[in-house]
Every structure is written in C-alpha cells, then in structure tokens.
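Written below as structure tokens is the structure these notes are about.
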Amino acid sequence: MRKIILLMSILAMHWAAAQQQTSPDGNVVLSFSLKADGTPTYKMTYKGKPVINESTLGFTLKKEEPLTNHFKVVSDSKSTFKETWKPVWGEEKEILNHYNELLVQLKQDKTNRLMNIRFRVYNEGVGFRYEFPTQKELTYFVIAEENTQFAMTGDHTAWWIPGDYDTQEYDYNESKLSEIRGLMKQSMTDNVSQYVFSPTGVQTALMMKTKDGLYINLHEAALVDYALMNLNLDDKNFIFQSWLTPDAKGDKGYLYTPTKTPWRTVMVSDDARNILASRLILNLNDPCALADTSWIKPVKYIGVWWEMITGKSSWAYTDDLPTIKLDEVDYTKVKPNGTHAANNDKVRHYIDFAAKHGFDQVLVEGWNVGWEDWFGHRKDYVFDFVTPYPDFDIKALNDYAHAKGVKLMMHHETSGSTRNYERHMKAAYELMNKYGYNSVKSGYVGDILPIGEHHYSQATINHYLYAIKEAAKHKIMVNAHEAVRPTGLCRTYPNLIGNESARGTEYEAFGGNKPFHTTILPFTRLQGGPMDYTPGIFETEVKNVNPNNTSQVRSTLAKQLALYVTMYSPLQMAADLPENYERFADAFQFIKDVPVDWQESVYLEAEPGRYITVARKDKHSDNWYVGNTSNENGHTSELLLNFLDKNKKYEATIYADAKNADWQTNPKAYTITKQKVNAKTKLKLTAAKGGGYAISIKEIK
Ligand code: NOJ
Ligand code: CA
C-alpha cells in the first residue's frame, strides 16, 4: 500500500511539474504546468527575468462544459526547427525561422475531451496556439470566450489604442497600465463616445516597456477562420485576458474539429530594435500557398486621392442625390457636380506625371457609379464595381497608361457590405483582368452589412481571406483598408501586399495624427504586415489644397520622406498632389529614388514613442537608404555607417530638417546636402520637433 502511494505521488509530482522549453539562444524560457485543479497555465522568462507570470489557458463554451480545468497531461513532446526561407517581397531577402517547440497534449477528466497546446520558443519570444484533434467528444462547438491570460509583472508603460470590434483608426496613448481606465474616454474617436466593450480593453499588437527596460509585445499570428482577439486588462493585478470579437448573435467563434486557433504571441527583448527586427509573426504563418508568385510585384504609386480626402474634390459624379434613384439612374442624364475627380482629363494628367517620374501605378478612386449614396442609407447594393461614371473611359485610360508603361490601380470601396462584394467579386476581378489592372485597393468603410456583424468577427475575417484567395486566382494583388489588422498572412498569401487597418495619413486631413504616431506603428500595427500609410505629403497646410480645410499635417517635410524607409511596405504611395511635388522637386527626388523591396534591414536606433532609425539595402542594387522619424521632441542621432560594404565608396544625399524646422511652426524647412561616405563614416544628424531625416546612399562605381 505504502509503495503504491509513493508511486502515485511520484507520478502526481511528475504531471504537476512544469514542462519547459527554451529558445535556441537560451534567453527565453517557457514553462507549462497544470494547477492542482487541472487548469493549464504557462509562464515565461527572459534572461532570468519574469515576463509573463503564471497565466491560465482555456475556453468557455456556449453550450458545453468549459474547457478550463480538470485537465491531465496525456503526453508532451519537444522538437527543434530551423530553416531559411525567401519572402516574395520583404525587409530582407532571407528570413531565419528557428524555434524550439513544446507540444502538450491534454485530456479533460470525465468529458474525455482533447485539447493540445503547441508552444514555439524563439530568441525573441513565444507563440502558442490551441489545437483540437478529431474526436467524437468534441465536434462542433461554439466559443463563449477564449480565456487566455497574459499576466504582466508590474505596471508597465504601454502604447495602446482602445479595444474595438470595428476599427483601429485611433491615435495611440502612452501610459501606465494603471492609467488606461482614466484615459480611455479621452482617447475615443469623434464618432465613438463610449468604449466598445470594457474601460480597460485594448487592441493588439500592444507594445509595453517594463521599469527595468524589457520591451514586451502582445499580438497574434495567422488569424484564419477565427475572431480577432482584443485584450481586457484586470488593472488591479495587471493581467490581460483575451476578449474575442463577437458576431451578430454575440457568439465568439464556430469551430469544428480538427481545428486550431491563431497563435498568441509574446515578444520580448531588452533592446527595442530586436522587436522591430523580429520576424516571429511571419514565421508562425504557413509558407507561401501560391504556386506561382512571379506576377506579384511591389508597387510605388500616385493617386487621384488626396484631393478627395482633403475635401477639394469629390468621389461622386453628381450632387442630385434626392432626385435620383441609384439603382435605376442613367448617369448620362444627371447633372454633373463639377468636382468629380476621377475624370478623363485629370486621370491622364496623373498618368503623365507617373510616367515622367517613374511610378508604377496610378490609383483612381471614385471611378465607378454609386458614390452618391454609398454611406448614408446603408443599402447593401450601391456598388457593382464594374460600371464607370460617364466621364471615366476605362478602356481608353488603361490603354493610355499602358502605352506609357504605367498601370492603373483599381479601387473597390465595399461600403462595408461583404455580401454585396462577394456577389460582384468575380465580375469585378474579371473586369480588372480585361483592362490590365493587377492590383486593387479595397475598403470597408462603415458598419458591416449584414447588419450586426463586425469588421473583426469570424465571418468577416473569412471574407477578407476569401477576397485575397479569389484575387490570387486572377493574379491580382490586394491592399485592403479597414479590414482586420494583419497577422502575418502575407507570408502565405503574398498577393496581400498591403492593409491600412490603423490610423493612416488620411487623418492628417481630418485634424492630424499625434507627432509620435509613426514612432509607434512599427512596434504595433506593422508587426503583422505592411501598411498602406500613404506618406509623402509635402504641403503640410491642408488649407493650401482646400481653403475650407484647416487641418495641418503634424510632421515636417523631411519626416515625410523618412516614412518610406521607417514604415516598411512593398506598396508605397506618394500621396500629395503632382503640383506640390513639382514645387519641391529636389525633395521629391528621394521619393523617386527610394525602393520598395529590400535585401537587408538594419535597425540603428529605436525607442517606442520616441524615435526609429533604420537603414535598408535595395533588393536590386548596392544602394542603401536610411530613415529616421522622431516624436514631438525631436532627436539627435550619431550614426556609424558600418553597415556599408567596406570595399565600396558611396555618395550620400541627406534630406534633413533645417535648423529652425518644427512640425508646428516651420514644417517645410529642409536642407539637402551631399557627401562622400564609407563604412567608417560617422554622421551626426538632428530631427526637428515632429521631424526626421532621410538619406540615400548610392554606390560610386
Ligand atoms: C477610407 C480609406 O482609408 C481611404 O483611403 C479611401 O479613400 C476612403 N475610405 C474611400 O474609399
Ligand atoms: Ca481608412
């Protein structure tokens, strides 16, 4: 009897003991263990310091018993993986994917239901997901809530935006975790007066810094057929808990075994640059699913756009809204409003400008019928995505562009109606193929239709991926605005070349972005994939474009150049009007020169909310480009150009804020200087308040 008890207690000790896995470099240690009641938990350390305190894992379900406790470990296994893969486009030409894995297989007492947790431990953090194998005890199930915790070790500083089911277009806040509750109300956008689900709910990617200098980032990877995860903070104990986006019924997910959740990610480092250099999110996604990617090409583009955003001209063709019935209207018979931007003459002018200055594409918004009523009435059939306005000759304009080596970029504003878009998608993509478009900017402004669904509920998330996969069949690249923030899916579907899904440059025409905005986005929004930030606004006084718009771009002109380097994207717009580029032709040269695809990226300096300085090497030459963006206090950098090839000589062109530049009082004051440089050169450069600098470094042959 004694022996049996001894054996049982040894066994119990074994199962209660933590399963551990460490990162390849040994710095990150992940431990999994069950509590006495069989609740699964994990914790994590970095260089011996706690990063995540004991945090519980599990789910509550709509009908069935919760999957939260009474678990036993059935088995655990460890493995190592190391590979190098080549992205179709990216910040570097090769990416190392190296992790140690721990797979814990769990079985719940009495119900016999199986749930596995797979942890991948990288040098820069951990990704883990739940997996549900095929089993008769669990087939279809409905998630009431995912109960994944991320227990912080203290009252960290966080760069956060409010939790939301429909938008990420917020300015960031920098505060202690304990201050989120108080600041939440102030941080809501104009049209939202209340927090969406909790006074301490925030979005991912969430960036934090501890008192002792650890940088921590919480996000997710490979969000497929599942609802987006927000985080809800218990601000007494500093514990975040997952908060999934509900559907119209309030349910949070429909699952069918075998299935798996997206990866939950915790990145950590004592050097902020490592967070920016990490490819953990991409690595957790599946390899490329497209057999042929030769048609996917990075794009630098201009567009008939800023003049609508600033209110100077319109997307709509007519103002005769009350007198026309949209689904019956003959547009050739209504009175034009005279401000319709997407007209033949203007588009030809933009094509000429693009051809002259070497841009790949011209985006044209407002080319198709329906804009008169697209928002107000919430009808779900206003756009068909195939019928041009009478002053937009789709064939002639595409022919004109192609003859000059330029493509037009398609625009599909769905007005949030995923149903209507799916109805018309095939015809819309076929029209693009017919006229030679290979990229589409799509958008999901307004509440999602069908009514009650959210931008980030499971069904809508499935829609975005459906649109990407269908586009791939037509060799079309997708840049979706207002869609879910990316989670690295561009590795699997590299025709997803861009998203907005954050507060972009458009808000510079609606009152402005905080000057520190672009020193945070690379730590947060850009972790999941590139952003179509639409930089390059040189005329920072918006009233000089539209006298009725008093907004001021909260940036210096030099900083607008830097964004092409600091805000990595294979799709970059030069968003200002052609005439503004002509006024500042010398500064415009940087936008013309800067590549949109890279073989190497070196993060020189980084501090969230303060500054980011990055150097990148062109994918197709030995030229380098450097960018710095700074917050409202400015920043002085001392750079050593030791990333340059030791055996080569270069000429640097430095586009910097002038001495007296300031985003508020003197934003357009810049200097352009040239000097010979090599791998030993040191440069001391100062970014003005709300400023930055950009450098092109070209090899002297
Ligand atoms: C919002 C997008 O972010 C913007 O770029 C676009 O012009 C408008 N929607 C209209 O589709
Ligand atoms: Ca937007």
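Numbering of ligands and ligand atoms starts at 1, following listing order.
Between H455 and the choices D166, D447, T418, the side chain to side chain donor-acceptor pair (under 3.5 Å) rule is met once, by D166. With H340 as the fixed residue, the ring pair (Phe, Tyr, Trp, His ring centres under 6.0 Å) test singles out one of Y317, W315, W371, W367: Y317. Exactly one of H463, H481, H412 qualifies for a side chain to side chain donor-acceptor pair (under 3.5 Å) with Y444. That residue is H463.
Below 4.0 Å from some heavy atom of H481 lie the following atoms of ligand 1, by number and element: 2 (C), 3 (O), 5 (O). Less than 4.0 angstrom separates some heavy atom of W305 from each of these atoms of ligand 1: 4 (C), 5 (O), 6 (C), 7 (O). Close approach to E413 involves these atoms of ligand 1, each under 4.0 Å from a residue heavy atom: 9 (N), 10 (C), 11 (O). Of all the atoms in ligand 1, the ones that sit under 4.0 Å from a non-hydrogen atom of E500 are 3 (O). The contact set between ligand 1 and V445, taken as ligand atoms under 4.0 Å from a residue heavy atom, comprises 1 (C), 9 (N). The distance from ligand 1 to the heavy atoms of E506 drops below 4.0 Å at these ligand atoms: 1 (C), 2 (C), 3 (O), 4 (C), 5 (O).
Our summary of the site lists the angle at the Ca ion (ligand 2) between OE2 of E482 and OE2 of E500 as 130°, to the nearest 10 degrees.
Looking at E506, its N, O or S atom nearest to the Ca ion (ligand 2) turns out to be OE2. Taking the N/O/S atoms of E169 in turn, the shortest distance to the Ca ion (ligand 2) belongs to OE2.
Ion pair R616/E91 flagged as a salt bridge, since at least one NZ, NE, NH1 or NH2 atom sits closer than 4.0 Å to an Asp/Glu carboxylate oxygen. Look at D352 and K356 and you find no salt bridge, because none of the NZ, NE, NH1 or NH2 atoms lies under 4.0 Å from a carboxylate O.
Contacts between W371 and ligand 1 below 4.0 angstrom, taking non-hydrogen atoms only, involve the side chain exclusively. Of the heavy atoms in H411, only side-chain atoms (C-beta onward) come closer than 4.0 Å to ligand 1.
Distance CE/M207 to CD/Q527: 8.0 Å, rounded to 0.5 Å.
Of the possible polar contacts, none joining the Y170 side chain to the D164 backbone as a donor-acceptor pair under 3.5 Å is found.
For ligand 1, the polar-atom distance check finds no N/O of W315 at less than 3.5 Å from any of the ligand's N/O atoms. Among the atoms of E169, none of the N or O lies under 3.5 angstrom from an N or O of ligand 1.
Side-chain polar atoms of S198 and N232 form a donor-acceptor pair below 3.5 angstrom.
Here the closest heavy-atom approach between residue R503 and residue E169 is recorded as NH1-O, 3.6 Å.
Checking E365, K441, R503 against atom 8 (C) of ligand 1, the nearest heavy atom belongs to E365.
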